[in-house]
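Data block below; observations after.
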Amino acid sequence: MAYKILILGASYGSLLGTKFLMAGHDVTLVCRAETAKLINAEGTAVRIKLKGEEDHRTIRSADLPGRLDAKTPEAVDPVVYDLVCLAMQEPQYSAHAIWTLMVRIADAQVPCLSIMNMPPLPYLKRIPGLETSKLEASYTNAHVWDRFDPELVTLCSPDPQAFRPPEEQPNVLHVGLPTNFKAAAFADPAHDKMLRRLEADIDAVRLASAHDSESGGPKDVPVKLRVFDSLFVSLAKWSMLLTGNYRCITAGEARPIRAAVHDDLDLSRAIYGHVDAIARRLGADPADQVPFEKYARAAEGLLKPSSAARAVAAGAPMIERVDRLVQLIGNSLGMENPAIDAVVETVDAKLDGNQRLSA
C-alpha cells in the first residue's frame, strides 16, 4: 500500500519528496500557485551525485513510481494524508494561508515529521523537564503550534544540503551534500512503524548505472531516511548550526561556512562542544552526536554561506532562530556562553537593520 504524504514546502521538501516517490509513495507538495502550476505541468527534477559517478544525476518525478501533485495551502484537505512533512522555513508558518492549513492539520490529528532546522514547539514539549514557555521568544509566532498534540510531532535532522539553482526554474533542486535525514521516532508505535517502513522502502531503491557498459549492476541512491529510537538524535544538528551556519552572518558581508568554522578553529571547537553539552543535558546520548573533527572536515568543502546567511544578505527581516533557541535553552540550564551570546547579538543586529529597511 502506498502512503499519501503531504509536504509543506516545494524547495527543500522536494528532496525528501523525491525519495518517497522513488519508493512508490504518493506526494503532494504545498507551495505558491505559480510553482504548483509548474510542478503539475512538468514535475520536479532533483540533481544528485551517486557514488562512483562524476556528474550529478537528474531524477525526474515523472519517471518515478509514486504520484506527485502540487497544491496551494487553501486547496489541501489534511484528512486524506497519512503523514505530513514540515519543510518550510519557520517564519513561513505565520503566513495566514499556511497558519490556517496548520490548524486543519492539527485538528485532523495527522502525524507530522519536521525537516526544519528549527524544531517545532510540540516536539520540544516531548523533552522531559524542558520549560517550553520560556522558549517562545525564539519563534516568529509560537501560537502557530498551539493546537498540535506533541505525541504526533517528531523531528528529522535536515543534514543533506540542497539548493535551488538561481538560474533554473523553481521545480529544480541541486543536492550539494547527499547525507541522510535522521529522524527521531514518534511516540505512537503505529506512527513509528510507518516511518520505519518508509525508511526500508527508500533504502531498497536502486538506479541503473549511468552507462550501459558499466558493470556492477544497479546503484544505491544516497540520501536515506534513518529512524532512531532516541528522541534526541536530531539535536546533533544544533552544534553544526551554531558553529557554522549562523556564524556565516557577520557585521559585514556573509562568509562561507568553511571560513566560519576554520578561521578560528579553537573557538569553533569550543562552541561546538558547548552546544553538544547542552544537548546531553537534555538527554542526548554522546553516540547520537557527530564528532567535531568529522564536522570540521565536512565544512572544508562548504564554500558558500549558509542559507540563513544568504537570506539575511538578501534583506530577509526574519529567519529561523535556532541560535536564539539554543541560547535560551542553555540559559535555562545555567549553561550561558558568551560566544553564543555574540552570535545571537550579530544576527539580531542584521535582522533589525533589514526590518528597518523593509518598514
Side-chain angles (χ1 to χ4, degrees), residues 4-21 25-47 58-62 64 66-81 83-106 108 110 112-118 120 139-141 143-145 156 158 160-175 306-308 310-320 351 354-355 357-358:
K4 292 179 64 66
I5 301 168
L6 180 70
I7 300 180
L8 276 63
S11 180
Y12 191 62
S14 68
L15 174 55
L16 186 57
T18 293
K19 300 298 294 187
F20 290 142
L21 292 168
H25 300 285
D26 299 335
V27 172
T28 296
L29 296 174
V30 177
C31 50
R32 295 184 178 93
E34 288 186 5
T35 304
K37 183 178 179 181
L38 174 65
I39 290 172
N40 287 329
E42 301 182 12
T44 58
V46 172
R47 296 171 182 162
T58 298
I59 301 174
R60 301 186 184 279
S61 60
L64 304 178
R67 291 178 296 176
L68 174 68
D69 69 344
K71 295 182 178 181
T72 59
E74 299 87 349
V76 173
D77 179 7
V79 174
V80 304
Y81 295 96
L83 177 69
V84 172
C85 295
L86 305 174
M88 292 180 172
Q89 295 286 308
E90 184 268 332
Q92 293 178 273
Y93 294 95
S94 295
H96 177 73
I98 303 298
W99 190 354
T100 55
L101 172 57
M102 293 288 277
V103 169
R104 299 199 303 276
I105 291 169
V110 184
C112 296
L113 173 69
S114 171
I115 58 170
M116 301 155 53
N117 279 324
M118 189 72 171
Y139 289 82
T140 306
N141 185 346
H143 294 300
V144 168
W145 308 101
C156 185
Q161 295 205 353
F163 63 93
R164 280 179 170 173
E167 71 279 6
E168 301 277 5
Q169 295 194 97
N171 61 335
V172 177
L173 191 76
H174 184 93
V175 180
S306 64
S307 58
R310 296 196 303 271
V312 171
M318 295 177 291
I319 61 171
E320 292 184 328
L351 291 176
N354 287 353
Q355 288 166 6
L357 289 173
S358 64

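Predicted model, so just to flag it, every value in this text is computed and none were measured.
Distance CD/Q161 to OG/S306: 9.0 Å, rounded to 0.5 Å. Taken to the nearest 0.5 Å, the NZ atom of K71 stands 9.5 Å off from the CG atom of N40. Interatomic distance, L64 CG to H25 NE2, rounded to the nearest 0.5 Å: 12.5 Å. Note that the CG atom of L6 and the CG atom of D69 stand 9.0 Å from one another [nearest 0.5 Å]. Taking CD of Q92 as the reference point, atom CG of L8 lies at 9.5 Å (rounded to 0.5 Å). Atom NZ of K4 sits about 14.0 Å away from atom CZ of F20, to the nearest 0.5 Å.
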Please step through side-chain contact (heavy atoms from CB on, under 4.5 Å) for the pair S11 and L173, ending with a clear verdict.
-> CA-CA 7 Å; S11 180; L173 191 76; 4.1 Å; yes
Under the side chain to side chain donor-acceptor pair (under 3.5 Å) criterion, do N171 and T44 qualify, and how do the steps go?
-> CA-CA 5 Å; N171 61 335; T44 58; over 6 Å; no
Would you check, one step at a time, whether the test side-chain contact (heavy atoms from CB on, under 4.5 Å) holds for M102 with L86?
-> CA-CA 10 Å; M102 293 288 277; L86 305 174; 4.1 Å; yes
Start with the C-alpha gap between V144 and E90, add the side-chain angles, then the distance that decides, and say whether side-chain contact (heavy atoms from CB on, under 4.5 Å) holds.
-> CA-CA 10 Å; V144 168; E90 184 268 332; over 6 Å; no
What's the verdict on side-chain contact (heavy atoms from CB on, under 4.5 Å) for I319 and Q89, showing C-alpha distance, side-chain angles and the deciding distance?
-> CA-CA 7 Å; I319 61 171; Q89 295 286 308; 5.6 Å; no
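Among all heavy-atom pairs drawn from V172 and E168, the shortest one is CB-CB, 4.0 Å. Residues L38 and Q169 approach most closely at CD1-OE1, 3.6 Å, considering heavy atoms. Across every non-hydrogen atom of T58 and A45, the tightest pair is CG2-CB, 3.9 Å. Here the closest heavy-atom approach between residue G43 and residue S61 is recorded as CA-OG, 3.2 Å. Across M318 and T140, no two heavy atoms sit closer than the pair SD-CG2, 3.4 Å. T72 and A33 get closest at one heavy-atom pair: CG2-CA, 3.6 Å.
Shown here are the ring pair (Phe, Tyr, Trp, His ring centres under 6.0 Å) partners of Y81, two or more places apart in sequence or in another chain: there are none. Applying the side-chain contact (heavy atoms from CB on, under 4.5 Å) rule to A313 yields no partners; only residues at least two apart in sequence or on another chain are considered.
One N or O on the side chain of N354 and one on the backbone of V312 form a donor-acceptor pair closer than 3.5 Å. Looking only at distances, no side-chain donor or acceptor of E320 sits under 3.5 Å from a matching main-chain atom of A308. Using modelled atom types, no side-chain atom of Y12 and backbone atom of I115 make a donor-acceptor pair closer than 3.5 Å.
Checking Y139, W145, W99 one by one against Y93, the ring pair (Phe, Tyr, Trp, His ring centres under 6.0 Å) holds for a single residue, W145.
The salt bridge (charged side-chain N to carboxylate O under 4.0 Å, His left out) contacts involving residues 26-46 comprise D26-R67, where partners must be two or more places apart or lie in separate chains.
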